[in-house]
Structures are given as C-alpha cells and as structure tokens.
There are 2 protein chains.
Amino acid sequence: MYSFTEENYLKAIYHLSNNTEAGVSTNAIAELINTKAASVTDMLKKLSDKELINYIKYQGVTLTESGKKAAVSIIRKHRLWEVFLVKKLGFKWDEVHDIAEELEHINSTVLIDRLDDFLGNPEVDPHGDPIPDKNGLFQHKKLISIVRMKIGQKGVISGVGEHSSLFLKHLEKSDLTLGTDITIKEVVEFDGSVLLLIDNNKEITISREVAKNILVVL
Amino acid sequence: MYSFTEENYLKAIYHLSNNTEAGVSTNAIAELINTKAASVTDMLKKLSDKELINYIKYQGVTLTESGKKAAVSIIRKHRLWEVFLVKKLGFKWDEVHDIAEELEHINSTVLIDRLDDFLGNPEVDPHGDPIPDKNGLFQHKKLISIVRMKIGQKGVISGVGEHSSLFLKHLEKSDLTLGTDITIKEVVEFDGSVLLLIDNNKEITISREVAKNILVVL
DNA sequence: GAATAAATTTAGGTTAATCTAAAAAAATAA
DNA sequence: TTATTTTTTTAGATTAACCTAAATTTATTC
Ligand SMILES: [Mn+2]
Ligand SMILES: [Mn+2]
Ligand SMILES: [Mn+2]
Ligand SMILES: [Mn+2]
C-alpha cells in the first residue's frame, strides 16, 4: 500500500495533530522522525500528491480523511502488536515499543483482525492507549493528569503521558502500574511534588514531573 | 543488520544451494526473486564486499559461514511465524507464506526466541519444513518422495516438495495433509499415477506429479 | 514598518536498488 | 576448432529517500 517511510510520516503527522489545533509544522515532523526539514518538505509534496495530506507551502499540514484512515490503521497495528508482546510473549511494557515500530508495517488486514480476536479484542494497549477497532473507531476514556487532581480525590492509573523506557521502568519500580488505585493525600507547595496513597495501603511521594505524566480515570 | 533486500538475496542463495552442488548462478537468483540478472550482479558484489558470499565473476556464488548463518536465521523466523499464523491465528497452511515473507524481516532475537517458546519449540513448520533452533541447528528427518516408494510400503506424510497455494489446497481437499498415514497399493505403469490407501480406510489415486511432491517418513 | 531572526523551501548531490542495452566471457554446436 | 548461443557483466539511467547549502517566506523585534 504505502511505503514504510510514508507510513511513518503519516503516523508522525497524526500524533502531532493531537497536540495542536493548527497544522503540523515541517520542523516538528523533522524532529519527531529524526530527519532534516528539507527531507520533510520533499515527502510532504509526495503525500500531498497522493491526497493523504492538505499541504500549502509554508502553512503546515493536516491529514485528509484517507490520510487519517491510514494513520489510524498503523496505530491499530502498533498497539495490537504491543498487547501481543506483553500478554502472550511476556515482554515488559517498557520493552515493546521498538519492536512494534517494525511490526506495525506488516501489511495484512486479515492478519491484524485475527490477531485482534486472538487477543480478545483489547480496548487499550500496555500503556493504556486506546486501540482503534476494525473500523478505525476508538473507545475514548477521559484521562486526566495527577497534577489536575485535588487533595482527597481518588482515581485509577489508566495511562501515561510519556512513553520512554526510563519513565515506564521507574513507574513499575514504584508500583505505579496501570490499574493501580490512587488517592491524593498532599501536594507540596514548594515543588509541586505529590503524596499518594496507592492501593489503600502504601504511601509514596512523586515529583511533579512524574505526576504530570501519570494519567488517571476518576 | 542487513537490509530487507540483502536478506532476500541471502535466503534465495541458501535455498538454491540446497538443489545444486555447484555455485548458484546469477540467472537462477534473478528468476527466484523476480529481478534482472544485471541487478543480481550488482547485489552479488555488495554481498561479497560484506563477506556474506564467495563470489568470483562468471563462476556463481556460495554462502560464506556468516552468510549461511544470516540465511538460516531468516528461515528460522519465516517458519516460526508460519507456525504462529496456523496454530494461533487459525490460518490455513496455504495462506501463510506471503505474510511470513514480511514477518521474517522483523529484527529482534529476543522476539523470535520468545515466540519459539510460546509456540512450544516446534520442530517443523506447517509445511513440514524443519525449524532451526536458536543456534541455527536443524532437526533433519529423512524425507522421501512417494514416487520413490515400492508397492506395499507404508509411510507418514511429513513434507511437500512444492509450496504453491494451489498445490497445498489440492492436498487438503484430498485429505493428504501432514501426519496422514499412507500405503502404496499400486503404481499405474502407463502414466505413473499412484493408488494410495490413506489412514487405512480410504483409497485414492494421485497423479505422478502430485506423488512426486508429497514427501513421507517411512 | 524596516530590520533581523526563524522557519521553510529549492537546488543540487548521494546512496541503495532497480532497469535496459551493449559488451564480454563461457558453454555448446557444427 | 571455429562459430553460434547463452550467460554474465558493465555502462549508463531512474526512482525513493535522504542530505547540505543557499534562497525565500513568514514571524519577531526594535
Ligand atoms: Mn508504542
Ligand atoms: Mn503503546
Ligand atoms: Mn513459507
Ligand atoms: Mn513453510
């Protein structure tokens, strides 16, 4: 269908679109996929010719409907493969992303739909990110960052705002994995660090930076 | 490690080496991977520079030890993925080859070793072809074609000499799948077709062409 | 509203993998 | 053993995806 490279561009533009209202900038894409701006411009022309993006010189880009569809399909594959790696092959949640970056380009709808069934049609991946279904529809839960919570409020850890292995490993070591119940006990005024009660039996203090990147369902 | 294309060349040379004593010819490679001889020559130079093949102009090629190791690793991946597709995702044996052609290039030793364990360390793939272990060693059973068998001889279908979907579907329809017990009842002198008794309860006649491509363990 | 800075695009090249057509070498036949 | 055919290699181009450096456009600052 689309080349490995084209797919990576579409995915990058999709992810960047979720953080901005305006069009995605050439530099932002270049930074995310580790290329130079000039290379991005080349590819934008190509994707525009194929009507996968709306591109006006100097104005940034947005995905067209077919571009969005292609991007969501890649994300579906990425997340399902991550579930497979964790649930079936015993990988940790911080070990699966790079392998999924390769597997997401395997081109077979039958394969991915059967994998989906084999995994029991999971709604989220090992990082709590929602998995689009066969039709590209997400089951979107409303997640909020711990820094948005008030003292005394309770929630369940359901996602992360940062996917680096370093951060994920840190969370794991602190017993702050997905599904953990938390209660906000105190917010330190000085540095914004947060005292949590986890699973109603243990207290732990986390920095504001960590708190910011833990997402909960209330 | 090696590019997608380089891997395909190594695999092609490996497979062709098993049918010949001498070096593999440029044209044979070109035909197998659907390119032109000139393109093959280019790639042979490249693989030779990387010491993956022994190449002397006009003489054909053989794999070096490291070339062989790389080829076997790809074949290991191909066959394990085929097992996964059939055993876990419910694909038929004639549907898995093309998908495995893509999956075999996923680059992660941990992944493939865990997949191997997850599948119960199978010794053969859905077509009866042996799967090399982590160290690249095969469990080689001695297979012979039905046309080599004598009347009255018994055997178990354990492999195929032809992997096309058309042939595999035909075998399935005739209940000549892997593991089936057969006994040679008669060989027609006129056209070499063979009358078989399968699983001690049903007789069936197959053409010499089909017989040639069914491999059994005695 | 110029002048400067930043972002983006164009121009011109490179590399991997492909191709066609022509040349050279090896194999086969007369 | 020469002539013819087949196989293989070389020469020269093409395409996708990159790059650097230079030009151009847009955004910021004084
Ligand atoms: Mn990921
Ligand atoms: Mn994920
Ligand atoms: Mn196969
Ligand atoms: Mn097979």
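FYI, side chains are in, hydrogens and waters are out, and symmetry mates aren't considered; it's all heavy atoms of this structure. Order of the sequence lines fixes the chain letters, A, B, ..., with proteins taken first and strands second; residue numbering starts at 1 for each chain.
- Atom pair A/K45:NZ and C/dT10:C1' shows a separation of 7 Å (rounding to whole Å applied).
- One atom, CD1 of A/I56, and another, C1' of D/dT26, lie 14 Å apart when rounded to the nearest Å.
- As a whole-Å value, the separation of A/L16 CG from C/dA7 P is 15 Å.
- Taking 4.0 angstrom as the limit, B/K57 places none of its side-chain polar atoms (N or O) nearer than this to OP1 or OP2 of C/dA24.
- As rounded to whole Å, 14 Å separates atom P of C/dT9 from atom CE of A/M43.
- One can place NZ of B/K36 at 21 Å from P of D/dA11, the figure rounded to the nearest angstrom.
- For D/dT9, the OP1/OP2 oxygens have a side-chain nitrogen or oxygen of B/Y55 closer than 4.0 Å.
- Residue B/S39 is in base contact, counting any heavy-atom pair closer than 4.0 Å across all strands shown.
- Heavy-atom contacts from other residues, nucleotides or ligands closer than 6.0 Å to CD of A/E31 number 12 or fewer.
- Nearest-nucleotide assignment on DNA chain D puts the 5′-proximal partner with B/N27, out of B/N27 and A/E6.
- A/H127 places a side-chain N or O within donor-acceptor distance of the main-chain N or O of A/W93, the cut-off being under 3.5 Å.
- The side chain of B/A37 lies closest to D/dT9 when the candidates are D/dT9, D/dT10, C/dT10.
- For A/T41, whose side chain is taken as the heavy atoms from C-beta onward, the closest listed nucleotide among C/dT9, C/dT18, D/dC18 is C/dT9.
- Distance from the side chain of B/Y58 is smallest to D/dT9 among C/dC19, D/dC18, D/dT9.
- Rounded to whole Å, the distance from CD on B/Q59 to P on C/dA25 is 13 Å.
- Backbone-only engagement by B/T26 is indicated by non-hydrogen atom pairs under 4.0 Å involving sugar-phosphate atoms exclusively.
- Spacing between atom CD1 of B/I29 and atom C1' of D/dT8 amounts to 12 Å, rounded to whole angstrom units.
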* To do: Under the side chain to side chain donor-acceptor pair (under 3.5 Å) rule, what do A/S25 and A/N27 come out as? Steps first, then yes or no, please.
  => CA-CA 5 Å; A/S25 79; A/N27 271 349; 5.9 Å; no

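- Looking at heavy-atom distances under 4.0 Å, A/F4 makes no contact with the nucleic acid at all.
- None of A/R79, A/H78, A/E82 except one satisfies the side-chain contact (heavy atoms from CB on, under 4.5 Å) rule with A/D129; the exception is A/R79.
- Distance, B/Y2 OH to C/dA16 P: 16 Å, rounded to whole Å.
- Checking the phosphate oxygens (OP1, OP2) of D/dC18, a side-chain nitrogen or oxygen of A/Y9 falls inside 4.0 Å.
- A parallel orientation is assigned to the rings of B/Y14 and B/F138, their planes being inclined by less than 30° (bins at 30° and 60°).
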